[in-house]
Amino acid sequence: MSDPQDFRGYRRSLALAGRLAIGAVFLASGYIKLVAPPQEFAAAVEAYRLLPAGWELPFARVAPWIELFLGAFVLSGYWRRACAAALAGLLVSFIGAMGQALVRGIDLANCGCFGGLGPKLSPPQEILLDLVLLGLAVTVWAEPDGSWSLDRWIDGGPGSAIAQPSSRGR
Amino acid sequence: MSRAAVRRIGSGAALAAVLIGAVSVGRRNEAEPALRGPGGAVVFVEYSDYECPACRKASGTVKAILDHFGAKVQWVHKNFPLERVHPFARAAAISAVCAERQGKLRPYHELLYDRQDQWVGSGDVSGKFVKYAEDLGMDKKAFGACLKDPASALSVDKDVEEGRRLDIHSTPTFFIGRHRLAGSQQLLYDGSRLIEQESRP
């Protein structure tokens, strides 16, 4: 017979894995953009034809910092739920931006002329990836019990990050 | 202030410091491109990849700028083939070096973009380049020999190395004076304005 505590344990582990994964993705994404000239990210943003002319460069200077901080905060479990919710919001906006580009017939499958690391994904593949990340963000937000997080340590409650996770009594 | 509040502020500040520090370390000091050419002309540097559709899109704006400003601008083309995604770009870059040797870089550069659909993916890309050279009145034999000359390939490597020192990751990337523009839209919106600005004494 399955133990509800086992289920909670699996849920916690999934949420923790999800938090680490999505935190790392956004941290890396923000960092890569920040160490490159902002004009390059601005050029990628221009391709979506969403922002008014002249807004792309200011956006390109600011947005990666948001990604970097949210990624780091989620990774470390600092303001975990709020940051996971914010990341979910960002992902919804990315999916929306990509979707509107597809609907308007904007060719986003650029040649990779914007450099970058890793494999080049087609717009449908990017949307799929973002949906997976959105699922992870929601999982992290929904998990009430933030194991191994700065929030736990800050609150100094039971099962804080610097103590052993509470054992499951049998 | 409660202990939790102190921990909250402290850890937040520590995280922020680490992140800002990491970004500062990661941002390289960029080399400076040249500012002025002979006669005080504004130096307009283009790093591009002949197989890149975005570069093709920008080529019209580059032509318009060069036609409009004439001698006020010194156009400098640098090859930056993105070989990871463009298998024919390096060969095209080498051919451009050969066109430059015969003083025909600009018309050849424009022709390569105009006919990008024809030579990209072509079975005999070198043969096509030699034909283009002939169409532009170049010495076909010298052009063909140049394509095979290791010095031509070295010239491309030198441009790529220089581009990396300037922290270039994408094409097309332009420099007007010290101003960097990436992509065709930025050139379209800001190129002429920046040249006018840099032209002022």
Side-chain angles (χ1 to χ4, degrees), chain A residues 27-28 30-49 51 53-57 60 64-65 67-79 83 107 109-120 149-157 160-162, chain B residues 2-12 14-16 18-20 22-28 30 47-49 51-58 80-86 89 116 120 163-164 166-175 179-190:
Chain A
L27 182 67
Y31 183 78
I32 286 166
K33 290 181 186 104
L34 283 167
V35 297
Q39 290 84 357
E40 299 199 346
F41 181 43
V45 170
E46 280 157 8
Y48 287 82
R49 297 191 222 160
L51 295 178
W55 284 41
E56 296 93 352
L57 193 56
W65 283 108
E67 278 189 84
L68 185 84
F69 271 83
L70 283 179
F73 284 4
V74 163
L75 189 68
S76 57
Y78 185 84
W79 278 327
C83 291
D107 184 14
N110 66 58
C111 53
C113 300
F114 297 117
L117 303 171
K120 204 65 195 126
S149 66
L150 270 178
D151 285 344
R152 280 278 188 170
W153 173 71
I154 286 164
D155 294 335
S160 73
I162 57 169
Chain B
S2 69
R3 195 175 187 183
V6 169
R7 284 182 175 181
R8 174 76 56 194
I9 292 167
S11 30
L15 265 175
V18 166
L19 292 173
I20 293 167
V23 170
S24 304
V25 165
R27 278 181 173 164
R28 290 154 51 187
E30 289 181 24
Y47 282 83
S48 65
D49 168 325
E51 198 176 330
C52 157
C55 301
R56 181 186 190 181
K57 197 173 165 194
F80 200 81
L82 299 171
E83 293 179 69
R84 196 165 71 98
V85 290
H86 294 151
Q116 194 185 62
V120 171
R164 289 197 178 126
L166 288 168
D167 207 16
I168 291 171
H169 305 280
S170 67
T171 58
T173 295
F174 305 95
F175 291 92
H179 302 277
R180 176 192 298 256
L181 300 169
S184 56
Q185 292 283 79
Q186 290 176 26
L187 183 68
L188 183 66
Y189 291 146
D190 295 321

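Heavy-atom basis, side chains included; hydrogens, waters and symmetry copies ignored. We name chains A, B, ... by the order of the sequence lines, and we start the count at 1 in each one.
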Exercise for review: For the residue pair I32(A) and F41(A), establish whether any side-chain heavy-atom pair is separated by less than 4.5 Å.
Suggested key: no

Practice item. Mind checking ring-ring contact (aromatic ring centres under 6.0 Å, His included) for F69(A) and listing every partner two or more places apart, or none if nothing turns up? Key: F73(A)

Review point. What part of L27(A) gets closer than 4.5 Å to chain B, counting heavy atoms only: side chain, backbone, both or neither?
Key: side chain

Study note, to complete from the structure: Those residues at least two apart in sequence (or on a different chain) that pass side chain to side chain donor-acceptor pair (under 3.5 Å) with S48(B) are E46(B), H77(B), Y113(B)

Practice item. With a 4.5 angstrom heavy-atom cut-off, could you sort out which part of A5(B) is near chain A: side chain, backbone, both or neither? Key: neither

Point to revise | K33(A) side, atom NZ; W65(A) side, atom CH2 - distance, nearest 0.5 Å | key: 13.5 Å

Study note, to complete from the structure: Pair count under 4.5 Å, heavy atoms only, with chain A: among S11(B), G10(B), S2(B), highest is S11(B)

